[in-house]
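Order of the sequence lines fixes the chain letters, A, B, ..., with proteins taken first and strands second; residue numbering starts at 1 for each chain.
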2 protein chains.
Amino acid sequence: MANQPVTTRIVLASRPVGKPVTANFRLERETLRDLDEGEVLLQILYLSLDPYMRGRMDDAKSYAAPVEIGGVMEGGTVARVAKSRNTAFTPGDIVLSHSGWQSHAISDGAGLRKLDPDAAPISTALGILGMPGFTAYAGLRNIARPKAGETLVVAAASGAVGSAVGQIGKIFGARVVGIAGGPDKCRYIHDELGFDAAIDHRADDFQTQLASACPNGIDIYFENVGGHVWSAVFPLLNDFARVPICGLIAHYNEDQSTSRRSDQLPAVMRAILRKSLTIRGFIQREFADQRPDFYREAGKWISEGRLRYKEDIVDGLENAPDAFLGLLEGQNFGKLIVRVAQS
Amino acid sequence: MANQPVTTRIVLASRPVGKPVTANFRLERETLRDLDEGEVLLQILYLSLDPYMRGRMDDAKSYAAPVEIGGVMEGGTVARVAKSRNTAFTPGDIVLSHSGWQSHAISDGAGLRKLDPDAAPISTALGILGMPGFTAYAGLRNIARPKAGETLVVAAASGAVGSAVGQIGKIFGARVVGIAGGPDKCRYIHDELGFDAAIDHRADDFQTQLASACPNGIDIYFENVGGHVWSAVFPLLNDFARVPICGLIAHYNEDQSTSRRSDQLPAVMRAILRKSLTIRGFIQREFADQRPDFYREAGKWISEGRLRYKEDIVDGLENAPDAFLGLLEGQNFGKLIVRVAQS
């Protein structure tokens, strides 16, 4: 039993009330058992940190079960097969897995997808060529359906989903206005990603700037934020505008019982009727059958330089909680990934 | 110039604040001019009264221009051609027109649709075979898209749109739960129209009754009401539920500045995301190219006894304002139509 691998893992210590804090997480170590027939031992190389994980910390009904107290925090990972008793996998294989916030994991092979390290950097399977990139692609192709020249607005525009929405939106023919926090992110999406306009939502005259950047109104608002960005976008929506909703990060930490705003819902419902709006929530896996199209097309766009990406890499699993708390505050710049081990 | 026809018309005297009152309308008489070449004189037989007309009384941005102060109230009508200087029309022809709340009108023929009095009672062109029936058909076919066995809920279920939604929904394979005001309307939709269940929204335990009638949740809520019915339906919506919105009668008389409810919007947005809901406002004319399909299919369903209708006929144009005010309170029973002249 010497050399038995020890996994380091971060578990949910307690459920947050409102904004999560470091004390909601706990680092643990555990010696792993031997592999059974058909299983592989994975060494995690990269862990993706994404806003949806905030939802998993709550004990509320959602499209996915919450993480249990004491359970390993959920998350997408890129791993190397360290040992294999599964004929489909060979030690050294690089795979996409959903192993969560830990250094090692045992898998029966189900749900693993082999990655080709020569085709693209393996970390991109968590970002531009992974769930966030596919969220952008699926929402645009199935719900937003941009027509040439339409105005598309996306918030968190330097982030993993937003940056892909803007660039793929342009490939699909839209005029793209990005909303981001601070001048550096705005400069990046405009100068490096080629967005037609970039607006800083922290500016005092944010709403006025947004209206100026959308002289023909807004045909598509790709919603991944909510909050005051929604309030600024909403009056600018055109007839027949489409609003795919893939995230609401501004609301994830809200204590639902304390809203003091008067009810905005009737005005929103009236506008949905008056303007024939489409508001549509979605999770990318609804469109899973389009993933092969996405891998093919996005790979091509990346190789042509039409689809660019930025990764914000944090070293060390022990730093995942702080990095995640920063993500919820918009402190990351690009797709946030934890390097759990050197590849 | 003897025998020159005089039109009696009801104009918008003033804009309502909140709930409209009789004083917002005024009856006028005017002698009509001679016909020009290409024109016809219409004698209005039936005037349709519909909830959307409340919106035309406001000076607010909408999908249609408001009625001007002093202008004739807008509305769909069935008319007889009394005189014609248009080669396409012969005196005696029965046409669908949009002549508004008046007894006579001059038309250049644009937008008139000839009706066949032998095919169906001509008043049905304002109801089951007209805009309300087509609203139901278009919303079901394009947005709700019921799958066999899905649960469809519709409010104002004995009304012009709701009764068609329920019956066509059943033809499309859904299990249909109707919400109506009072035992008579509930009995009618259940016993005569064949709805699977009927719930009285005035009952104290309305929400409990609705939940009991929808043991598998709600897959489609055809929204034409809003208000407390929406609040009861909303928690019961299933993943991937669709909510076509064609009306919000509960909100039409709301003074938008006085809502004291706390903000319901964040909870609704979160549910749209969590449950992958589709909320979609629409006006039937968006789907105008499907009208021929509708006339053919609905005509067949009526002749087979699968699509039934009830008309609530009020005699005399002078009674239109009171009838309309009653409509906004749910006092009609069936499609509300004013008989302006004997056919």
* Between CZ of A:R274 and CD1 of B:I283, what distance do you get to the nearest 0.5 Å? -> 10.5 Å

* If you look at every heavy atom in B:Q264 and A:L265, which pair is closest and at what distance? -> CB-CD2, 3.9 Å

* **Nearest-0.5 Å distance, CG of residue A:L273 to CD1 of residue B:I279** => 13.0 Å

* Rounded to the nearest 0.5 Å, what separation is found between the CG atom of A:D263 and the OG atom of B:S262? -> 7.0 Å

* Asked: Under the side chain to side chain contact (heavy atoms under 4.5 Å, CB included) test, which residues partner A:Q331, sequence neighbours left out?
  -> A:E329

* B:I245 versus chain A, the contacting section by heavy-atom distance below 4.5 Å -> both

* To do: With sequence neighbours excluded, tell me which residues meet side chain to side chain contact (heavy atoms under 4.5 Å, CB included) with A:F234.
  => A:W230, A:L237, A:V268, A:A271

* **For A:R280 against B:I272, the heavy-atom pair lying closest together** => C-CG2, 4.1 Å

